[in-house]
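Shown next, in structure tokens, is the structure this report addresses.
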Amino acid sequence: MSQPIRKHSYGGRTLDRPLLTRTAPNWILFGLALVGMALTAYLTVSALKGHAVAGCTTGSACDVVLGSRWSKLLGLPTSFWGFLAYAALVSIAFVKRADIHWKLAWMVALFGVLYSSYLTAIALFELKAACPYCLSSLVLMTAILGTVAYQRPPGLVKFSWTPWTLKTVFGSLVLLSLIHLSYTATWNDSPFDRAKLPALAEHLAKTAKFYGASWCPHCKDQKRMFGAAADSLPYVECSPLGRGGPEAAVCQAMNIQGYPTWIINGQRFEGALKPEELARYSGFESPPRPVK
């Protein structure tokens, strides 16, 4: 690294300190981030085209995770945001100023590790499943963070690990909290009047069938939308013996390929539907309000 002179002022005195610059890109960071870009690009393209990824058969743990509500953020595959993070690290690998290069790489990698850890925790404890692609990204991002920590350039002005770590972890957690709110708010946001859910569920029992599986996260989300009225939904269990067991004959006869699947007035809809969508597809008319 070359060392141009930079002026610093402390207590009225001007001190000369070397400004470290990189003479070559950070090839280690570049290589690791490039692998991450390839992994997340594959997942993103597969999600956008609706293709199953290698090794993720219907009902597998990987399929459960990649088909859950956490598989999309702001309408785009979660893997796309991971792709942007890895792409940012690839770009950072070419930043010449050593101090700026290191701080940017640290912040992106730290957030990447925390975000991947959050998604892994959701998969293991909420979905009761594990996706090898997601775990691979967590391992890769952790390796990047470890590499960046090891590469910290000497002589950073006023640098101390403790305040720096606390500051960057706090900022990352704030951003992660906003992302969590986005996941939950986006899914739960519905203009449908909750007071009408029991009537809608009873109407659906006459006009539709709701095919699902006990282990399917989207099916649980679908029922959760109806609260106590979920017991009135026309639900058909397609996996009576659990994940990996044979599909129920009635579901095979209906050629159910994914969960949940709604068949409403002869039309097939795959994926969880919001109450207002179910009302529209089924021709639900709100019951008149009682006259006071």
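Note that the structure is a prediction, hence the values are computed from the model and not measured.
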Subject >> Ring geometry between Tyr115 and Tyr118 (parallel below 30°, tilted from 30 to 60°, perpendicular above 60°) >> reply: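 Because their plane-to-plane angle is under 30°, the rings of Tyr118 and Tyr115 count as parallel.
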**OP:** Give the ring-plane orientation class for Trp106 versus Trp164, where under 30° counts as parallel, over 60° as perpendicular and anything between as tilted.
**Re:**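 It falls in the tilted class, 30° to 60°.
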**OP:** Not counting sequence neighbours, which residues clear ring-ring contact (aromatic ring centres under 6.0 Å, His included) with Tyr133? List them please.
**Re:**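 Partners of Tyr133 by the ring-ring contact (aromatic ring centres under 6.0 Å, His included) criterion come out as none, since no residue qualifies.
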Subject >> All ring-ring contact (aromatic ring centres under 6.0 Å, His included) counterparts of Phe210, not counting sequence neighbours >> reply: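 Scan of Phe210 (ring-ring contact (aromatic ring centres under 6.0 Å, His included), adjacent residues dropped) gives Tyr235, Trp262.
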Please report the shortest heavy-atom distance between [X] and [Y], naming the atom on each side.
X	Y	result
Ala213	Glu237	CA-OE2, 3.2 Å
Ala47	Pro77	CB-CG, 3.8 Å
Ala130	Leu124	CB-CD2, 3.9 Å
Leu204	Pro234	O-CG, 3.5 Å
Thr120	Leu135	CG2-CD2, 3.7 Å
Cys62	Val53	SG-CG2, 4.3 Å

Mind checking the [atom1]-[atom2] spacing from [X] to [Y]? Nearest 0.5 Å is all I need.
X	Y	atom1	atom2	value
Leu114	Leu119	CG	CG	11.0 Å
Ile144	Leu110	CD1	CG	12.5 Å
Ser71	His218	OG	NE2	5.5 Å
Leu29	Gln151	CG	CD	7.0 Å
Ile264	Arg280	CD1	CZ	10.0 Å
Met225	Leu278	CE	CG	8.0 Å

[X], [Y]: one ILVMFWY side-chain cluster at the under-4.5 Å cut-off?
X	Y	answer
Trp215	Val250	yes
Val174	Val108	no
Leu175	Leu145	yes
Leu166	Trp102	no
Met107	Ile100	yes

**OP:** Let me see the working for Lys196 and Leu200 under side chain to side chain contact (heavy atoms under 4.5 Å, CB included), right down to the final yes or no.
**Re:** CA-CA 6 Å; Lys196 299 176 183 177; Leu200 174 59; 5.7 Å; no
For [X] and [Y], indicate whether the former's side chain and the latter's backbone hold a donor-acceptor pair under 3.5 Å.
X	Y	value
Ser182	Leu178	no
Glu126	Ala123	no
Gln222	Leu273	yes
Thr261	Gly258	yes
Thr165	Thr162	no
Trp70	Val65	no
His101	Arg22	no

Measuring only between side-chain heavy atoms, which start at C-beta, is [X] closer than 4.5 Å to [Y]?
X	Y	answer
Ile256	Arg268	yes
Thr147	Leu32	yes
Leu233	Phe226	yes
Tyr183	Leu73	yes
Phe83	Tyr42	no
Phe111	Ile179	yes

**OP:** Start with the C-alpha gap between Cys238 and Cys251, add the side-chain angles, then the distance that decides, and say whether disulfide (SG to SG under 2.5 Å) holds.
**Re:** CA-CA 6 Å; Cys238 291; Cys251 299; 2.0 Å; yes
Original post:
Between Thr207 and Ser282, does a side chain to side chain contact (heavy atoms under 4.5 Å, CB included) hold up when you go through it step by step?
Top reply: CA-CA 7 Å; Thr207 59; Ser282 65; 3.8 Å; yes
**OP:** Mark yes when over 12 heavy atoms from residues, nucleotides or ligands other than Ile28 sit less than 6.0 Å from its CD1; otherwise mark no.
**Re:**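 Counting neighbours around CD1 of Ile28, 12 or fewer heavy atoms of other residues, nucleotides or ligands fall under 6.0 Å, so no.
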**OP:** Starting from the C-alpha separation in whole Å, work towards a yes-or-no answer on side-chain hydrogen bond (donor to acceptor under 3.5 Å, both in side chains) for Thr44 and Ser79.
**Re:** CA-CA 5 Å; Thr44 300; Ser79 54; 2.9 Å; yes
Subject >> Tyr86/Trp81 aromatic ring centres below 6.0 Å >> reply: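 When the ring centroids of Tyr86 and Trp81 are compared, they turn out to be at least 6.0 Å apart.
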**OP:** Say whether Ser239 and Tyr259, considering side chains only, have a donor N or O and an acceptor N or O under 3.5 Å apart.
**Re:**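 There is no such pair between these side chains.
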Subject >> Candidate pair Val45 and Lys49, rule side chain to side chain contact (heavy atoms under 4.5 Å, CB included), full reasoning >> reply: CA-CA 6 Å; Val45 171; Lys49 291 188 175 182; 4.0 Å; yes
Original post:
In chain order, what residues pass the disulfide bond (SG atoms under 2.5 Å apart) check against Cys216, with sequence neighbours excluded?
Top reply: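 Not a single residue meets the disulfide bond (SG atoms under 2.5 Å apart) criterion with Cys216.
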Original post:
Given Leu104 and Arg97, is the side chain to side chain contact (heavy atoms under 4.5 Å, CB included) satisfied, shown in steps?
Top reply: CA-CA 11 Å; Leu104 289 175; Arg97 275 274 300 272; over 6 Å; no
